[in-house]
Number of protein chains: 2
Amino acid sequence: MKNAIEKIAGELRKILGPDRVISDPDILGAYSADETPDCTGKAELIVRPESPKEVSSVMKACHEAGVKVVPRGAGTGVTGGAVPVEGGVVLSLERMNRILEIDLENMIAVVEPGVITGRLQEALRAEGLLYPPDPASLDSCSIGGNVAENAGGPRAVKYGTTKDYVIGLEFVTPEGEIMTAGGKIVKNASGYNLIGILAGSEGTLAVITKIWLRLLPLPLHSIDALMAFSSIEEAIDAVRSILVKRIVPAAIEFMEKDAIDLVARHGRGIPYPDAGAHLLVQLDGSSPDFLHDELEKLSKAAGIDPDSVLVAESDIQRERLWKARRSIREAIRAESPVFLAEDCVVPCALIPQYLRSVKTFLGEKKLRSIMFGHAGDGNVHMDVLKGDMDCGVWKGILPEIKKGIYRLAIGLGGTITGEHGIGHIRKDYLPLAMSDREIELLRRIKNAFDPRGILNPGKIF
Amino acid sequence: MKNAIEKIAGELRKILGPDRVISDPDILGAYSADETPDCTGKAELIVRPESPKEVSSVMKACHEAGVKVVPRGAGTGVTGGAVPVEGGVVLSLERMNRILEIDLENMIAVVEPGVITGRLQEALRAEGLLYPPDPASLDSCSIGGNVAENAGGPRAVKYGTTKDYVIGLEFVTPEGEIMTAGGKIVKNASGYNLIGILAGSEGTLAVITKIWLRLLPLPLHSIDALMAFSSIEEAIDAVRSILVKRIVPAAIEFMEKDAIDLVARHGRGIPYPDAGAHLLVQLDGSSPDFLHDELEKLSKAAGIDPDSVLVAESDIQRERLWKARRSIREAIRAESPVFLAEDCVVPCALIPQYLRSVKTFLGEKKLRSIMFGHAGDGNVHMDVLKGDMDCGVWKGILPEIKKGIYRLAIGLGGTITGEHGIGHIRKDYLPLAMSDREIELLRRIKNAFDPRGILNPGKIF
């Protein structure tokens with residue numbers, strides 16, 4: 001392999017110039033991991049193309065030479081999707097970071113994959129437009145990575161995930177062909193839905209080089225409110241009561257006490273009252289009166305006195321409420337640098353049952369877990385902390401812990417990941433969720449796109 | 001082939017019993033076409049399975065024997081998707097027509113593919129739930145066919161198309177394997193998004209045997225209103241003015257005068273005033289006051305005196321307004337049994353430009369066209385009537401007419417079909433919209449699902 005890399009490095013320098021082909025060991029190190037705990041690969045070369053044509057030339061050269069290529073957005077994934085676990089070239093899309101167009105008439109944005117999601121949302125907000133998906137990492141993740149992982153976020157309850165907004169993709173196949181699916185059209189029945197299969201394919205089928213996103217008018221009004229409960233069970237039962245009343249909040253997040261305590265300990269002060277658990281709710285819509293009525297109905301359904309609900313009264317307060325939620329993972333990392341980050345999904349109404357069974361299971365293993373996540377769509381974030389457990393013991397029990405958590409979700413009609421993907425670290429567990437024949441079908445699809453198997457190897461399967 | 005069919009008929013009768021394997025020539029005739037003008041195949045045998053297991057057994061037997069299979073829902077497609085153009089077995093899903101579950105807690109419906117879409121919507125409405133996609137044929141089309149074609153409808157403007165509601169599919173591969181993707185979970189990042197690629201695959205990749213649909217709370221209020229314009233250009237320019245004001249109606253349909261005149265002539269009286277063109281608008285939401293404000297804003301943006309807008313004041317009137325819209329194709333069929341039905345899509349803001357250029361193009365050919373469709377999402381329905389033109393001449397000019405209509409859409413950044421699909425009758429034109437390499441990729445995907453090429457041959461490619 002070393003020789004192949006050395007050989008191709010010269011060719012890639014001819015394509016991109018010497019500055020954008022990097023072999024400095026320090027930088028290689030930084031590109032050998034993403035934000036996945038305990039998962040490191042070995043980047044052998046980094047390339048930073050600036051156009052689809054350059055991506056195509058890089059892919060053609062690597063394909064020809066049989067060199068593996070790992071596409072990389074902002075490296076914020078948590079399942080090792082951007083980690084070069086089998087070595088090879090890391091193809092970083094960080095230089096392709098322009099918002100190419102905000103088309104106000106058609107309410108469509110055209111962007112390069114390296115655009116930071118939060119930056120895009122700000123630019124759109126200034127135009128009165130909304131791109132709803134809001135992964136917790138939105139200040140640092142890139143939109144291309146969001147498409148590759150089909151990122152979700154709290155607002156998925158009402159607005160769906162990334163794939164629901166992608167109406168066009170330009171992509172480069174592993175063989176180096178530049179292709180386009182869709183574009184500035186919100187409906188398309190011409191040939192297979194390639195956007196559908198590329199969204200969430202974790203960089204294993206093609207390198208995304210341009211994205212068309214449909215947008216919504218920014219809701220005129222929204223209410224962000226925090227509700228305190230005495231226990232996590234009570235909070236989750238409340239969510240169930242809210243949803244059966246057919247109230248659809250934009251977001252409804254749950255956080256157990258331990259999650260909030262960790263954020264308070266490792267961050268700055270947060271505006272959450274002391275309680276056994278919290279729900280953070282966002283309602284949005286066109287009429288403020290209606291939203292206030294909805295909030296009152298919602299509070300009553302949740303069994304909470306409306307007067308005890310903490311309603312954000314300014315954008316600053318709103319941001320502080322949400323910042324706490326988004327800081328949970330960071331706080332966990334500070335508390336226990338080694339931890340297991342899971343995001344199983346179950347039918348919404350079965351969240352309470354799922355949480356109880358997982359807590360029981362982990363309790364038996366004497367493991368501390370922090371639970372939080374998207375109560376409105378059944379996507380439970382759950383981090384299991386290594387704490388001061390011996391590394392060897394931790395590594396030894398991990399497979400059993402993961403299997404237990406996954407099996408409990410699957411047993412309730414759920415699956416092993418709602419938004420983080422399979423990536424590298426869960427590939428051995430995919431057979432829990434899919435039959436051999438189903439996985440074989442996925443492999444055949446992979447093979448249709450990537451017959452030589454050079455793109456992002458060691459992922460999903 | 002005849003021998004293969006005879007041989008397999010015996011085997012299929014063993015699987016399904018003699019009553020559900022049909023070779024009666026009259027019935028074969030009825031299953032040899034769908035609603036596509038001028039497109040007939042030759043059904044050699046019809047099977048009516050009642051369970052996924054039976055579908056699996058049928059597929060295994062046909063796969064083994066190398067016999068072609070054409071899945072069929074309600075046969076309401078208009079691009080020949082369900083037509084057995086290369087003969088073989090028609091696999092009708094009409095007996096698999098049960099609503100298996102309406103899960104009120106999770107707001108999910110589980111249905112068999114043969115359920116009539118309108119019937120499902122009624123059952124859901126009774127529970128206060130909405131399944132938004134509303135193809136014009138909703139009283140006769142089946143939900144399985146809707147998934148296979150990724151059907152849209154007027155409400156796609158606000159609510160998207162069928163694929164946006166499918167969260168789970170059970171399907172049988174051409175090799176006879178029963179597989180499941182998703183289920184009662186609204187988020188899923190476990191493996192490739194098979195639902196994404198199956199939706200809109202026109203029955204060429206797998207036979208869908210069960211569908212999980214996410215539902216919405218039924219909007220509390222809606223307004224349906226008709227606006228008259230002096231010309232189609234004026235109506236479409238009004239749509240553009242409405243959309244740039246960031247008003248998002250649930251539906252906004254345009255109909256040129258000729259469309260309405262035809263419905264009046266071939267149907268019962270319709271409640272449309274005489275005008276050069278109409279817009280039929282639906283607004284829905286939670287607050288009636290807000291909706292009335294929106295309608296007023298919308299009328300003003302459209303340059304229409306709000307007092308001149310015809311607002312439906314009862315469900316009966318509402319239905320009459322929409323019935324007229326949904327009867328256009330039927331009226332066209334009565335006027336000219338042979339016609340070309342197109343549904344190109346262009347960026348919304350370019351509809352006026354597209355209509356003008358197509359009218360000019362068809363005018364030069366002395367052809368009468370009827371234009372109507374989904375003004376809010378750029379999906380233009382356009383039927384070109386043969387009228388009393390000589391059949392030979394008509395057939396001779398068809399390819400040129402189609403190419404002209406498609407090229408004008410593609411030239412504006414659009415594509416050749418927004419919801420009806422490629423099917424059989426447009427497959428020769430796919431190369432206008434996709435490169436050879438892109439089509440080759442579609443073929444490879446087809447091959448991944450169907451290596452022997454037995455499922456719905458002669459479609460898309």
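In what follows, every chain begins at residue 1, and chains take the letters A, B, ... in the order their sequences are listed. Small disclaimer: the values here were computed from a predicted structure and weren't measured.
- In this structure, the portions of M179(A) lying under 4.5 Å from any heavy atom of chain B include both its backbone and its side chain.
- With a threshold of 4.5 angstrom between heavy atoms, V157(A) does not approach chain B through any atom at all.
- Within the 4.5 angstrom heavy-atom criterion, only side-chain atoms of E202(A), from C-beta onward, approach chain B.
- The side-chain hydrogen bond (donor to acceptor under 3.5 Å, both in side chains) test with K187(A) singles out one residue from T417(B), T415(B), D377(B), and that residue is D377(B).
- Of all non-hydrogen atoms in L441(B) and A448(A), the two that sit nearest each other are CD1-O, 3.8 Å.
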Stepwise side chain to side chain contact (heavy atoms under 4.5 Å, CB included) check, S201(B) with N193(A): CA-CA 7 Å; S201(B) 65; N193(A) 175 17; over 6 Å; no
Determine, step by step, whether L129(A) and R246(B) satisfy the side chain to side chain contact (heavy atoms under 4.5 Å, CB included) criterion, reporting the C-alpha distance in whole Å, the side-chain angles of both residues, the deciding distance to 0.1 Å, and the verdict. CA-CA 9 Å; L129(A) 290 167; R246(B) 305 283 157 75; 3.7 Å; yes
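- Proximity to chain B is absent for every atom of Y429(A), based on heavy atoms less than 4.5 angstrom apart.
- Of the two parts of E175(A), only the side chain, counted from C-beta on, holds a non-hydrogen atom closer than 4.5 Å to a non-hydrogen atom of chain B.
- Interface residue E177(A): only side-chain heavy atoms are found under 4.5 Å from chain B.
- Across T204(B) and Y192(A), no two heavy atoms sit closer than the pair OG1-OH, 2.6 Å.
- With a 4.5 Å cut-off on non-hydrogen atoms, Y406(A) does not touch chain B at all.
- Looking at A199(A), only its backbone comes within 4.5 Å of chain B, counting heavy atoms on both sides.
- Neither the backbone nor the side chain of R214(A) comes within contact range of chain B; no heavy atoms are under 4.5 Å apart.
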Could you go through M107(A) and V248(B), starting from their C-alpha distance and side-chain angles, then the distance that decides it, and tell me whether this counts as side chain to side chain contact (heavy atoms under 4.5 Å, CB included)? CA-CA 11 Å; M107(A) 293 209 290; V248(B) 180; 4.2 Å; yes
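- Residue contact with chain B, scored on non-hydrogen atoms closer than 4.5 Å, involves the side chain of I460(A) exclusively.
- Within the 4.5 angstrom heavy-atom criterion, no atom of K427(A) approaches chain B.
- Side chain of E105(A) to main chain of V244(B): no donor-acceptor pair is present (N/O by atom type, distance under 3.5 Å, no hydrogens or angles).
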